[in-house]
Amino acid sequence: MAATDIARQVGEGCRTVPLAGHVGFDSLPDQLVNKSVSQGFCFNILCVGETGLGKSTLMDTLFNTKFEGEPATHTQPGVQLRSNTYDLQESNVGLKLTIVSTVGFGDQINKEDSYKPIVEFIDAQFEAYLQEELKIRRVLHTYHDSRIHACLYFIAPTGHSLKSLDLVTMKKLDSKVNIIPIIAKSDAISKSELTKFKIKITSELVSNGVQIYQFPTDDESVAEINGTMNAHLPFAVVGSTEELKIGNKMMKARQYPWGTVQVENEAHCDFVKLREMLIRVNMEDLREQTHTRHYELYRRCKLEEMGFKDTDPDSKPFSLQETYEAKRNEFLGELQKKEEEMRQMFVQRVKEKEAELKEAEKELHEKFDCLKKLHQDEKKKLEDKKKSLDDEMNAFKQRKTAAELLQSQGSQAGGSQTLKRDKEKKNLGFL
């Protein structure tokens with residue numbers, strides 16, 4: 001009998017029986033609380049928005065501290081994600097907080113691909129967690145979960161409508177992360193304009209099919225407040241780390257020539273609503289939604305790409321071993337096929353190379369024969385020319401010898417005639 005069938009029978013045969021006395025497992029919630037507190041918690045926030053909308057200031061205001069960070073400029077060539085992790089302690093509860101900011105978002109002339117680095121970053125965190133899950137020796141209890149639990153999407157307070165960049169980005173992210181839209185620097189527009197702007201944003205999100213995070217209403221303890229707060233989305237917030245004395249109290253506020261905006265005054269902005277919903281009421285639900293909804297969707301798609309399925313074509317459950325063996329055989333078959341293709345390709349390339357070498361050798365032989373023939377012709381010409389020069393030299397020597405002989409004979413004949421004339425003169429003198 002298969003293990004799944006046994007489990008199904010066990011579940012169907014479950015009965016409820018009364019206890020005769022106190023056992024003690026009612027302390028399990030306390031045990032879970034103590035264990036969770038000792039291990040600590042992690043929470044990861046992604047801040048998406050254009051440069052200068054006050055993302056860093058709002059984070060400082062939300063957690064009542066000053067996070068270290070360099071101010072971003074408008075000269076970034078592309079969108080970069082900057083992640084910083086901090087250890088926070090409140091009472092006896094520890095929180096490992098990771099804040100990821102999108103540096104340079106919306107600063108480029110061509111904003112078509114501005115969302116891609118954000119999507120790739122979120123997928124990379126899912127992939128890292130999936131790889132840890134698939135390990136033989138897992139350490140998930142000590143693994144630092146870097147998956148994004150909440151995405152605060154900062155909307156510029158234009159008072160008109162959402163930018164196309166905002167709609168495209170939120171549409172690409174809504175299946176991967178819990179999106180909470182907020183209107184940044186909401187003190188830049190009037191109250192009436194803000195109300196119309198909220199309605200316009202909600203209408204555009206619905207008409208474009210953008211799924212934002214809805215605060216859960218299935219828990220009776222928070223159903224009323226969450227239902228009320230869902231109607232206030234998107235939150236219009238103002239951030240400030242500056243404290244001003246208002247009445248007899250020091251409060252976080254922004255001072256203007258026309259008056260003061262109190263950050264924690266709900267009549268001035270929705271900062272308190274955001275803090276209540278994000279941190280004090282729904283932080284655990286955001287973590288749970290990330291794991292059970294967004295991560296499970298990524299995991300399912302990834303495993304289906306790898307060939308894993310829950311059922312076979314006959315709607316029977318697949319075992320992991322059978323799926324692994326089938327995938328292994330498929331992989332080996334593809335590997336053998338590729339190996340055969342590579343072998344045939346190698347043989348074909350060797351034959352082509354041999355043909356090229358033979359053709360090159362033939363051309364070299366023809367070139368050598370041609371050069372050899374030219375060399376022989378040149379040699380013959382040189383020999384003929386040498387013979388001709390030798391003949392000319394011999395003829396010249398013969399002519400030279402003949403000329404020298406004639407010259408010597410002529411000089412001898414001239415000398416005898418001179419002696420004869422001298423003798424005749426001498427004879428005449430004696431007379």
| request: Please step through side-chain contact (heavy atoms from CB on, under 4.5 Å) for the pair R254 and V238, ending with a clear verdict. | output: CA-CA 9 Å; R254 298 185 71 89; V238 176; 3.3 Å; yes

For [X], is the [atom1] atom crowded, meaning more than 12 foreign heavy atoms sit under 6.0 Å from it?
{"X": "K200", "atom1": "NZ", "answer": "no"}
{"X": "E352", "atom1": "CD", "answer": "yes"}
{"X": "Y143", "atom1": "OH", "answer": "yes"}
{"X": "E220", "atom1": "CD", "answer": "no"}
{"X": "E366", "atom1": "CD", "answer": "yes"}
{"X": "E339", "atom1": "CD", "answer": "no"}
{"X": "M345", "atom1": "CE", "answer": "no"}
{"X": "E224", "atom1": "CD", "answer": "no"}

Let me confirm one number: the [atom1]-[atom2] distance from [X] to [Y], rounded to the nearest 0.5 Å.
{"X": "E204", "Y": "S164", "atom1": "CD", "atom2": "OG", "answer": "10.5 Å"}
{"X": "L28", "Y": "K35", "atom1": "CG", "atom2": "NZ", "answer": "11.0 Å"}
{"X": "I136", "Y": "R138", "atom1": "CD1", "atom2": "CZ", "answer": "11.5 Å"}
{"X": "T217", "Y": "I225", "atom1": "OG1", "atom2": "CD1", "answer": "13.0 Å"}

Quick check: does any side chain N or O of [X] sit under 3.5 Å from a backbone N or O of [Y], one acting as donor and the other as acceptor?
{"X": "S207", "Y": "S203", "answer": "yes"}
{"X": "N34", "Y": "D30", "answer": "yes"}
{"X": "Q108", "Y": "G104", "answer": "yes"}
{"X": "K171", "Y": "G209", "answer": "yes"}
{"X": "S36", "Y": "V33", "answer": "no"}
{"X": "T195", "Y": "K191", "answer": "yes"}
{"X": "H232", "Y": "T228", "answer": "yes"}
{"X": "K380", "Y": "H375", "answer": "no"}
{"X": "T169", "Y": "D166", "answer": "no"}

I'd like to check [X] versus [Y] (side-chain heavy atoms, cut-off strictly below 4.5 Å). Are they in contact?
{"X": "I179", "Y": "Q211", "answer": "no"}
{"X": "F63", "Y": "I45", "answer": "yes"}
{"X": "L173", "Y": "I122", "answer": "yes"}
{"X": "I201", "Y": "I183", "answer": "yes"}
{"X": "N84", "Y": "R82", "answer": "yes"}
{"X": "S83", "Y": "T98", "answer": "yes"}
{"X": "L152", "Y": "K55", "answer": "no"}
{"X": "R287", "Y": "C42", "answer": "yes"}

Closest approach of [X] to [Y] (non-hydrogen atoms, all atoms of both residues):
{"X": "R147", "Y": "T290", "result": "CB-CG2, 4.2 Å"}
{"X": "L194", "Y": "I189", "result": "CD1-CD1, 3.7 Å"}
{"X": "G239", "Y": "L58", "result": "CA-CD1, 4.4 Å"}
{"X": "P181", "Y": "L205", "result": "CG-CD1, 4.5 Å"}
{"X": "I99", "Y": "C47", "result": "CG2-SG, 4.4 Å"}
{"X": "A253", "Y": "S240", "result": "O-OG, 2.8 Å"}

Any salt bridge linking [X] with [Y]? Criterion: basic side-chain nitrogen under 4.0 Å from a carboxylate oxygen.
{"X": "E359", "Y": "K362", "result": "no"}
{"X": "K351", "Y": "E354", "result": "no"}
{"X": "D270", "Y": "R275", "result": "no"}
{"X": "E383", "Y": "K386", "result": "no"}
{"X": "K358", "Y": "E361", "result": "no"}

Inset, instruction - Would you please test Q31 and S27 for side-chain hydrogen bond (donor to acceptor under 3.5 Å, both in side chains) and show each step? - result: CA-CA 6 Å; Q31 296 176 35; S27 65; 3.0 Å; yes

* For M251 and L244, what are the C-alpha separation, side-chain angles and deciding distance, and is it a side-chain contact (heavy atoms from CB on, under 4.5 Å)? -> CA-CA 5 Å; M251 304 180 68; L244 300 176; over 6 Å; no

>> Classify the ring geometry of F215 against Y213: parallel below 30°, tilted from 30° to 60°, perpendicular beyond 60°.
In response: perpendicular

query = Taking the inter-plane angle between the rings of F67 and Y86 on a 0 to 90° scale, is it parallel (under 30°), tilted (30 to 60°) or perpendicular (over 60°)?
reply = tilted

Kindly state whether the ring of F271 and the ring of F235 have centres lying under 6.0 angstrom apart.
no

message = Aromatic contact between F41 and F43, with the criterion being ring centroids under 6.0 Å apart: yes or no?
response = no

- Checking salt bridge (charged side-chain N to carboxylate O under 4.0 Å, His left out) for the pair E276/K273: CA distance, chi angles, key distance, verdict? CA-CA 5 Å; E276 289 289 325; K273 296 183 178 67; over 6 Å; no

Identify which one of [options] satisfies the side-chain hydrogen bond (donor to acceptor under 3.5 Å, both in side chains) criterion when paired with [X].
{"X": "K252", "options": "T61, D60, N64", "answer": "N64"}
{"X": "K96", "options": "D87, N44, T85", "answer": "D87"}
{"X": "Y295", "options": "K176, Q125, Q289, E133", "answer": "E133"}

Which is it for R299 and E296 under the salt bridge (charged side-chain N to carboxylate O under 4.0 Å, His left out) test, yes or no, and what are the steps along the way? CA-CA 5 Å; R299 177 178 173 274; E296 283 300 320; 3.7 Å; yes

Residues pairing under salt bridge (charged side-chain N to carboxylate O under 4.0 Å, His left out) where one sits in residues 105-119, two or more places apart or in two chains, turn out to be D113-K116

Practice task
Dump the intermediate steps for salt bridge (charged side-chain N to carboxylate O under 4.0 Å, His left out) on E132 and K135, then the final yes or no.
Solution key: CA-CA 5 Å; E132 184 64 27; K135 286 182 180 179; 3.1 Å; yes

Would you check, one step at a time, whether the test side-chain hydrogen bond (donor to acceptor under 3.5 Å, both in side chains) holds for N178 with H149? CA-CA 7 Å; N178 302 311; H149 300 125; over 6 Å; no

